[in-house]
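Input: a single structure, listed below in structure tokens.
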Amino acid sequence: CKSVSLYVDSTVTTTGGNFTVANSGGTNYGPILDAKSTQRFASGTFLNNTIYALTISNPTGFTYDGSLTISNNLHISLGATVNVSGDVSVGGLSIDTLTSTAPLQSSGGATITGILTIGKFSSTPNVGQTLAIVQSANGISGNFTTVTLPAGYTGTTSAQGNNLIL
């Protein structure tokens with residue numbers, strides 16, 4: 001079988017690491033990837049290397065071998081790191097817990113738009129401290145239009161070299 005079309009009106013789950021597509025009535029739904037070991041997808045896994053939304057719920061990380069466009073929101077949970085072997089484009093980024101490692105990394109360029117939402121920090125940041133949100137070997141294009149941080153924190157994002165920092 002070379003291609004499969006799947007219409008999902010609720011949830012589909014596989015075993016041995018989950019690939020779940022859930023529609024909870026919201027507009028930011030898409031596949032939820034979780035497993036106990038790093039997941040690696042080949043270029044072309046998603047049609048035209050583009051997907052509407054994606055949730056990575058895998059503490060050991062996710063790698064996409066090729067360029068990847070997530071036209072709406074990339075949600076990263078459990079301290080995961082998303083590695084893209086090529087250019088990456090995201091229309092929004094939500095991070096449950098921001099650690100000292102950039103949660104989105106690209107060996108190509110990175111194009112950023114939309115809203116950045118951070119649920120919490122893994123440790124209390126110092127005043128003036130910067131944290132990498134996106135690390136890209138070939139630079140950053142664009143920026144988040146809105147930054148939402150945990151209560152009591154304020155900040156903005158900006159490109160600094162090959163990093164988008166908070």
Mind checking side-chain contact (heavy atoms from CB on, under 4.5 Å) for Thr45 and listing every partner two or more places apart, or none if nothing turns up?
-> Phe41, Ala42, Tyr64
Between Ser107 and Ser85, a side-chain donor and acceptor under 3.5 Å | no
Pair up each side-chain donor or acceptor in residues 153-166 with any protein partner under 3.5 Å, not counting sequence neighbours, and list the distances.
from, atom 1, to, atom 2, distance (Å)
Thr157, OG1, Asn143, OD1, 2.4
Asn162, OD1, Gly139, N, 3.2
Asn162, ND2, Ala137, O, 3.1

Return the set of residues passing side chain to side chain donor-acceptor pair (under 3.5 Å) with Thr101 (not counting sequence neighbours), or none when no residue passes.
-> none
dist Thr81:OG1 -> Gln105:CD (nearest 0.5 Å) comes out at 5.5 Å
Can you tell me how far CG of Leu68 sits from OG of Ser43, rounded to the nearest 0.5 angstrom?
-> 9.0 Å
Asn49 side chain to Gly44 main-chain N or O, any donor-acceptor pair under 3.5 Å?
-> yes
Decide side chain to side chain contact (heavy atoms under 4.5 Å, CB included) for Leu74 and Ile56; before the verdict, give the C-alpha distance in whole Å, the side-chain angles of both, and the deciding distance to 0.1 Å.
-> CA-CA 8 Å; Leu74 171 60; Ile56 305 300; 4.2 Å; yes
Flag side-chain contact, heavy atom, 4.5 Å: Ile95 against Leu104 | no
So do the side chains of Leu93 and Ile133 get within less than 4.5 Å of each other, counting heavy atoms only?
-> yes
Of all residues at least two apart in sequence or in a different chain, which pass the side-chain contact (heavy atoms from CB on, under 4.5 Å) check with Ala110?
-> Val88, Ile112, Val134, Ser136, Ile140
Sequence neighbours excluded, every pair satisfying ring pair (Phe, Tyr, Trp, His ring centres under 6.0 Å) that has a member inside residues 86-116 | none
Which ring pair (Phe, Tyr, Trp, His ring centres under 6.0 Å) pairs, counting each pair once, include a residue from residues 78-118, with sequence neighbours left out?
-> none
Any pair counted as salt bridge (Lys or Arg N to Asp or Glu O under 4.0 Å), so long as it reaches residues 49-67, sequence neighbours left out | Arg40-Asp65
Salt bridge (Lys or Arg N to Asp or Glu O under 4.0 Å) pairs touching residues 132-141, sequence neighbours excluded, are none
Rounding to 0.5 Å, atoms CD1 (Ile76) and OG1 (Thr55) come to a distance of 10.0 Å
Is there side-chain contact between Thr113 and Thr145, with at least one heavy-atom pair below 4.5 Å?
-> no
List in chain and number order the residues that pass side chain to side chain donor-acceptor pair (under 3.5 Å) with Ser67, two or more places apart in sequence or in another chain; answer none if no residue qualifies.
-> none
Min side-chain heavy-atom separation Thr111-Asp87 under 4.5 Å = no
Here the gap from Ile70 atom CD1 to His75 atom NE2, rounded to the nearest 0.5 Å, amounts to 12.5 Å
Output all residues satisfying side-chain contact (heavy atoms from CB on, under 4.5 Å) with Thr50, sequence neighbours left out; order by chain, then residue number.
-> Asn48, Thr69
All heavy atoms of Gly109 vs all of Ser106, minimum pair found to be O-OG, 3.3 Å
Would you be so kind as to tabulate the donor-acceptor pairs closer than 3.5 Å made by side chains of residues 118-130, with sequence neighbours excluded?
from, atom 1, to, atom 2, distance (Å)
Ser122, OG, Leu98, O, 3.4
Gln129, OE1, Asn126, N, 2.8

Residues which pass side chain to side chain donor-acceptor pair (under 3.5 Å) with Thr117, listed by chain and number, not counting sequence neighbours | none
About how many Å separate CD1 of Ile115 and CG of Asn73, when rounded to the nearest 0.5 Å?
-> 8.5 Å
